[in-house]
Amino acid sequence: MIEVLSVTSEVYPLIKTGGLADVAGALPGALSGSGVTMRTLVPGYPAVMARLSGGREVASFADLFGVRGRLVAGRVDGLDLIVLDAPALYDRPGNPYVGPEGWDWPDNWKRFAALSWVASELGLGLVEGYRPQVIHAHDWQAGLVPAYVKYGPSPTLKTVMTVHNMAFQGTFGAEIFGQLRLPEHAFSVEGVEYYGGVGYLKAGVECADVVTTVSPSYAGEIRTPAFGMGLEGLLNNRSATVFGVLNGIDMDAWNPATDPALAQTYTASTMQNRLANKRAVQEAFGLDQADGPLFAVVSRLTWQKGIDLLAANIDLMVAEGAQLAVLGSGDAELENAVRSATMRHPGRVGLVTGYNEKLSHLVQGGADVMMVPSRFEPCGLTQLYALRYGCVPLVSRVGGLNDTVIDANVAALQAEVATGVQFAPPSETALADAIRRTLALYADEKSWKKMQRRGMKSDVSWATSAARYAQLYASLIGLSTDDSADD
Ligand code: ADP
Ligand code: GLC
């Protein structure tokens, strides 16, 4: 067995602001049977502590970056968790990164340095009877892990750094460096130094044994200035150890045949049952109970997600007879752009703000088209859920969207392999064309149904990618995957 410690700031079903939580929550289970045991280190936010009854304390710290903390181990929903309970750092309202007013917590550098430092201590055998061989760090919040390991005393401990989004890098002023518990020479290009300050994601990408990102296309894109966001040079230098491993989805949590969030469950052969869900979605978003195409968005409302491109096309969609349901929250300006469209088009455009997991499932089960018009998308999970739910994805041709949706172009339609609609570049006019193309496809009922069914059958599971991660861990510690499965 290979022991891997996953370090993450979010994990479904305990704490989620986006796809990272879904991935961190699903990967441990997906790896079972592949010779890997994965435990997950996560901060003790209120939502996490509330679920951790019966956990046992396995370590304590009198001075964790100036505060007290302890590690509590426990099992929640099939996950083997090690929770860093440090109330002075994590017992706060709001989401993991920002307070109720929407500002980043000013001590985020310390909150996530502490998480990463504790991970490296676990790697050195802090807890008796537990010694991970590989630490798998997710995003900038765990970006210092590879640095602590590189500058620490263990020559055998290996690290994997997974980048879920280059847009969030965790950069701080040089003045924090002295408090990071790293040796002086770590403040260098080979270490944590980044444009004169400290870069957490940069540190991870620089110091990890292997870097992965969440789709093959994004792994290529981030080697260019437009997508690398400053880290492209570094990624090019180490391109032989940068891999794109596509995310999968939790096939049990997202299963239209059993999903309790649906008004009516269905399979590829009972797709007429989706109608009850469509009616429920229309009801939830204040839309007329109409029969035309129902487009939907389930997303953070941000520039990354191309929500401005969507907003610019709403009048066109309504004029062409479509309805639109938007579930999401984010930038006030984008939220307002969608809200004003709901006022221009009552009964045709609906917006539900806030985070609603249950409603997100219902929308996948009832809408006809799921729109993901992102400017960049490392992987994207929404389109994977859409495929599984027979909700046809309309996506921009970037990152993981490029790798998971087969565009209904003439050749793909003739070969009967299309699963959705792609457009490029991410512009208002290209999206407008894609909307018209989608409407034309929808009008051909028979071929639309076929496209829905093909989506439902496409493999969006973790099978291939979990095996790939297992292989990466094994190669890092000098094993073949067969050896580890035999243990
Ligand atoms: P990202 O992580 O960049 O936000 P992903 O597509 O990888 O994008 O993951 C988004 C996840 O968050 C999906 O599980 C999606 O269903 C969910 N999600 C996004 N917005 C909402 C919302 N308002 N309510 C419920 N779930 C949401
Ligand atoms: C990030 C990316 C998204 C990806 C998710 C999980 O939030 O924006 O594309 O699916 O991480 O890897």
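Read the numbers this way: they start at 1 and go in the same order the structure lists the ligands and their atoms. Heavy-atom basis, side chains included; hydrogens, waters and symmetry copies ignored.
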Checklist line | Atom indices of ligand 1, in the order listed, that fall short of 4.0 Å to a heavy atom of Leu381 | finding: 5 (P), 6 (O), 7 (O)

Next item on the list: Would you mind listing which atoms of ligand 2 come within a distance below 4.0 Å of any non-hydrogen atom of Val23?
Entry: 6 (C), 12 (O)

Margin query: Check the orientation of Trp254 and His361. Use parallel for under 30°, tilted for 30 to 60°, and perpendicular for over 60°.
Written below: parallel

Next item on the list: Any atoms of ligand 1 less than 4.0 Å from a non-hydrogen atom of Tyr385? List them with their elements.
Entry: 13 (C), 14 (O)

Next item on the list: Compute the centroid of each ring, for Phe168 and then for Tyr97, and state whether the two points are separated by less than 6.0 Å.
Entry: no

Checklist line | Atoms of ligand 1 close to Gly328 [distance to a heavy atom under 4.0 angstrom, numbered from 1] | finding: 23 (N)

Check: Can you tell me the protein heavy atom closest to atom 8 (O) of ligand 1 and the distance?
Finding: Lys305 NZ, 3.0 Å

Check: More than 12 foreign heavy atoms under 6.0 Å from CD of Glu283: is that the case here?
Finding: no

Next item on the list: Report the C-alpha separation of Thr17 and Glu10 in whole Å, then their side-chain angles, then the decisive distance to 0.1 Å, and conclude whether the side-chain hydrogen bond (donor to acceptor under 3.5 Å, both in side chains) test is met.
Entry: CA-CA 7 Å; Thr17 72; Glu10 302 183 18; 2.5 Å; yes

Notebook entry, point to check: Nearest non-hydrogen atom to atom 23 (N) of ligand 1 belongs to which of Ser329, Gly354, Ser374?
Noted result: Gly354

Next item on the list: Provide, to 0.1 Å, the distance between atom 2 (C) of ligand 2 and the closest protein heavy atom, together with that atom's residue and name.
Entry: His164 O, 3.1 Å

Checklist line | atom 2 (O) of ligand 1 [closest protein heavy-atom partner, distance rounded to 0.1 Å] | finding: Gly19 N, 2.6 Å

Next item on the list: Please identify which atoms of ligand 2 are closer than 4.0 Å to at least one heavy atom of Val214.
Entry: 12 (O)

Margin query: Using a 4.0 Å cut-off to any heavy atom of Asp22, which atoms of ligand 1 qualify?
Written below: 13 (C), 14 (O)

Next item on the list: Take Asp459 and Arg388 through the test salt bridge (Lys or Arg N to Asp or Glu O under 4.0 Å) and record every step on the way to the result.
Entry: CA-CA 9 Å; Asp459 183 8; Arg388 173 105 165 122; over 6 Å; no

Notebook entry, point to check: Given Leu359, Val352, Asn356, Leu384, which one has a non-hydrogen atom that is nearest to atom 24 (N) of ligand 1?
Noted result: Asn356

Check: Is the shortest side-chain N to carboxylate O distance from Asp315 to Arg348 below 4.0 Å?
Finding: no

Check: What heavy-atom pair brings Leu384 and Asn247 nearest, and what distance separates the two atoms?
Finding: CD1-O, 3.7 Å

Check: In the protein, which heavy atom is nearest to atom 21 (C) of ligand 1, and how far is it?
Finding: Tyr355 CE1, 3.7 Å

Next item on the list: Consider every N or O of Asn247 and every N or O of ligand 2, then say whether any pair is closer than 3.5 Å.
Entry: yes

Margin query: Quick check: do Leu201 and Met161 have side-chain heavy atoms less than 4.5 Å from each other?
Written below: yes

Notebook entry, point to check: Is it the side chain (CB and beyond), the backbone, both or neither of Pro378 that lies under 4.0 Å from ligand 1, heavy atoms counted?
Noted result: neither

Next item on the list: Nearest heavy atom to atom 9 (O) of ligand 2 wins, so pick from Met166, Glu377, Gln383.
Entry: Glu377

Notebook entry, point to check: What protein heavy atom sits nearest atom 10 (O) of ligand 2, and how far away is it?
Noted result: Gly380 N, 2.8 Å

Checklist line | Carboxylate-amine/guanidinium contact Asp407 Arg437, below 4.0 Å | finding: yes

Notebook entry, point to check: Does Ser116 use its side chain to pair, donor to acceptor, with the backbone of Phe112 at less than 3.5 Å?
Noted result: yes

Margin query: Minimum distance, heavy atoms only, to atom 12 (O) of ligand 1: which one of Gln383, Lys16, Glu377 is it?
Written below: Lys16

Item checked: Best match, Glu357, His164, Arg300, Glu10: closest heavy atom to atom 3 (O) of ligand 1 -> Arg300

Checklist line | Contact check, side chains of Pro28 and Asp80, non-hydrogen atoms, under 4.5 Å | finding: no

Next item on the list: Provide the number and element of each atom of ligand 1 under 4.0 Å from a heavy atom of Gly380.
Entry: 6 (O), 7 (O)

Item checked: Contacting atoms of ligand 1, where contact means under 4.0 angstrom from a heavy atom of Thr382 -> 6 (O)

Notebook entry, point to check: Which atoms of ligand 2 sit under 4.0 Å from any heavy atom of Gln304?
Noted result: 8 (O)

Check: Tell me: protein heavy atom nearest atom 16 (O) of ligand 1, and distance?
Finding: Val298 CG1, 3.9 Å

Check: Looking at Arg397 and Asp403, does any basic side-chain N land under 4.0 Å from a carboxylate oxygen?
Finding: no

Item checked: Polar atom proximity, Cys379 to ligand 2 (N or O, under 3.5 Å) -> yes

